[in-house]
Amino acid sequence: MGVISHDLRSGTKPDRNLALELVRVTESAALAASRWIGRGDKLAADGAAVDAMRLLLDTVPMDGVVVIGEGEKDEAPMLYNGENIGDGSPPVVDIAVDPLEGTTLTARGFGGALAVISLSERGTMFDPGPCVYMEKMAAGSKYADLLDLDVPIGEVIAGIAERKGGDPEDVTLTVLDRDRHEEKAAEIREAGACIRFITDGDVQGALLAVSEDTGIDLLWGIGGTPEGVLAAAAIKCLDGEIIGKLWPRDEDERKAALDAGYDLEKTLTSADLISGDDVFFAATGVTDGDLLDGVRRTSKGYATTESLIMRSRSGTVRKIGARHDRAKLREVTGGRYG
């Protein structure tokens with residue numbers, strides 16, 4: 001009989017592959033949210049995803065606390081920061097959730113919406129406090145050492161182009177389509193690079209930037225801090241890097257962050273955002289995107305989902321397809337989804 005590690009006996013750190021259990025959680029959220037695709041009500045879609053995710057989370061064997069909840073900045077339904085979830089048994093973990101990344105995408109029937117969750121050992125997830133947004137940059141391992149928020153973005157693009165053995169026009173960035181990005185977009189174009197704008201969903205954008213053969217070399221943008229932590233969890237399971245700086249929206253938020261002891265000039269790395277060595281990540285597609293297929297309903301009363309699950313300790317990345325009997329799901333979930 002093999003030696004059992006102290007961590008496994010004590011239950012203080014994750015040891016089994018919880019991602020295999022978390023995928024049921026993201027599948028449930030995706031199935032629930034899919035009822036609202038194209039119906040124009042992003043709050044209803046988000047609320048359905050939150051309700052379904054919470055229902056399944058309570059069955060997962062873990063003692064979890066939500067460090068990163070999603071929705072507060074929009075006064076949307078959420079799994080709130082500090083909420084205890086799981087069945088209360090070991091391991092003891094931090095959790096980051098976005099039950100529906102891409103509420104607007106779902107409401108408008110656009111592609112790229114996901115249900116996302118990650119977890120790591122207790123005390124290892126970055127808590128951004130009052131800072132809802134951060135400036136981010138992400139790329140794969142080949143370009144990780146070139147990431148720098150303190151130099152003109154044209155220099156980063158030039159470095160990537162040189163390493164690719166090409167010209168800046170061979171570099172493609174993904175950037176959130178926001179008015180606040182107009183000046184930086186002009187710099188990117190001046191540098192000669194191509195931009196692929198996204199309307200929402202920068203967790204998916206970061207994953208595309210760090211993954212091979214996606215056509216995306218770099219993510220840049222000012223987006224949600226919760227999404228930055230979630231992206232960092234995924235990137236720790238892959239081979240790449242994300243960096244960021246907290247970006248207060250106004251002077252009140254800046255003062256609150258400074259009073260709380262946050263260094264607004266510090267460049268945070270993936271190791272700062274998730275300091276744990278055993279990180280789990282799961283995502284399920286809600287609407288079809290570049291990363292995952294969305295929920296699809298068949299004529300025979302089934303629904304199909306596609307999910308991505310990862311673990312940093314083993315480096316295992318799985319893409320899982322599932323078929324769900326909608327009538328049975330409605331029966332066992334009290335009609336919450338199916």
Side-chain angles (χ1 to χ4, degrees), residues 17-34 37 45-46 48-50 52-54 56-57 60 64 66 68-71 79 93-103 105-106 110-120 125 136 138 174 198 200-211 214 216 219 223-224 226-240 242 270 273-274 279-296 303-312 315-322 324 337:
N17 195 340
L18 282 169
L20 293 169
E21 300 174 56
L22 294 177
V23 71
R24 295 189 304 116
V25 176
T26 55
E27 285 174 347
S28 69
L31 287 164
S34 70
I37 294 173
D46 202 21
V50 169
M53 183 171 274
R54 181 180 281 116
L56 266 291
L57 277 170
V60 177
V66 176
I68 297 291
E70 175 54 58
L79 283 150
V93 296
D94 285 344
I95 296 175
V97 296
D98 194 341
L100 183 56
E101 195 217 13
T103 55
L105 296 175
T106 303
F110 292 164
L114 302 172
V116 186
I117 188 169
S118 66
L119 63 83
S120 62
M125 277 190 183
K136 312 170 204 175
T174 186
I198 53 176
D200 293 278
D202 62 353
V203 172
Q204 177 174 237
L207 285 172
L208 291 173
V210 303
S211 300
T214 64
I216 302 296
L219 170 132
E227 289 86 348
V229 176
L230 280 161
I235 288 169
K236 291 201 75 166
C237 299
L238 296 167
D239 202 7
I242 183 170
S270 58
L273 296 172
I274 305 272
V279 183
F280 302 86
F281 177 90
T284 300
V286 178
T287 58
D288 288 348
D290 293 328
L291 188 67
L292 292 167
D293 289 337
V295 176
R296 298 178 182 178
T304 62
T305 55
E306 187 175 50
S307 303
L308 184 68
I309 63 173
M310 302 183 277
R311 184 183 188 182
S312 66
T316 301
V317 178
R318 291 181 173 92
K319 186 172 280 190
I320 294 179
H324 310 268
Y337 63 91

Interatomic distance, CG@Asp98 vs OG@Ser118, rounded to 0.5 Å, equals 10.0 Å

Drop me the distance from Thr214's OG1 to Leu207's CG, to the nearest 0.5 angstrom.
-> 10.0 Å

Write down the atom of Ala48, the atom of Ala32, and the distance for their closest heavy-atom approach.
-> O-CB, 3.4 Å

Heavy atoms of Ala49 and Leu100 approach each other most closely as CB-CB, 4.1 Å

Within the side chain of Glu101, is there an N or O that forms a donor-acceptor pair under 3.5 Å with the backbone of Asp202?
-> yes

Short question: side chain of Gln204, backbone of Leu291 - any donor-acceptor pair under 3.5 Å?
-> yes

Would you give the length of the straight line joining atom CZ of Arg311 to atom CG of Leu20, rounded to the nearest 0.5 angstrom?
-> 9.0 Å

Is the side chain of Ser28 donor-acceptor paired with the backbone N or O of Ala52 at a distance under 3.5 Å, no angle test?
-> yes

Any chance you could lay out the side chain to side chain contact (heavy atoms under 4.5 Å, CB included) test for Ile274 and Phe281, step after step, and finish with the verdict?
-> CA-CA 12 Å; Ile274 305 272; Phe281 177 90; over 6 Å; no

Please examine the side chains of Met125 and Ile95, heavy atoms only from C-beta on, and report whether any two atoms are closer than 4.5 Å.
-> no

Spacing of Met53 atom CE and Thr26 atom OG1 [to the nearest 0.5 Å] | 6.5 Å

Once you round to the nearest 0.5 Å, how far does NZ of Lys319 lie from CG of Asp293?
-> 7.5 Å

Given side chain to side chain contact (heavy atoms under 4.5 Å, CB included), test Val279 with Met310 step by step and report yes or no.
-> CA-CA 8 Å; Val279 183; Met310 302 183 277; over 6 Å; no

Please report the C-alpha distance between Val295 and Tyr337 in whole Å, then the side-chain angles of each, then the deciding distance to 0.1 Å, and finally whether the side chain to side chain contact (heavy atoms under 4.5 Å, CB included) criterion is met.
-> CA-CA 12 Å; Val295 176; Tyr337 63 91; over 6 Å; no

Short side-chain to backbone donor-acceptor contact, Asp94 and Ser120, under 3.5 Å = no

Smallest separation among heavy atoms of Ser307 and Leu292, with atom names = C-CD2, 3.9 Å

Nearest non-hydrogen partners of Thr174 and Gly205, listed with the distance = CG2-O, 3.8 Å

Once you round to the nearest 0.5 Å, how far does CG of Leu308 lie from CZ of Arg318?
-> 11.0 Å

Can any side-chain N or O of Thr287 pair as donor or acceptor with the backbone N or O of Gly112 at less than 3.5 Å?
-> yes

Knowing that exactly one of Ile117, Val116, Ile235 qualifies, which makes a side chain to side chain contact (heavy atoms under 4.5 Å, CB included) with Leu230?
-> Val116

Correct closest heavy-atom pair for Ala19 and Ile309 would be O-CG2, 3.9 Å

Considering all heavy atoms of both residues, which atom of Thr106 and which atom of Ala113 are nearest to each other, and what is their separation?
-> OG1-CB, 3.3 Å

Hits for salt bridge (charged side-chain N to carboxylate O under 4.0 Å, His left out) against Glu21, two or more places apart or cross-chain, chain-then-number order -> Arg16

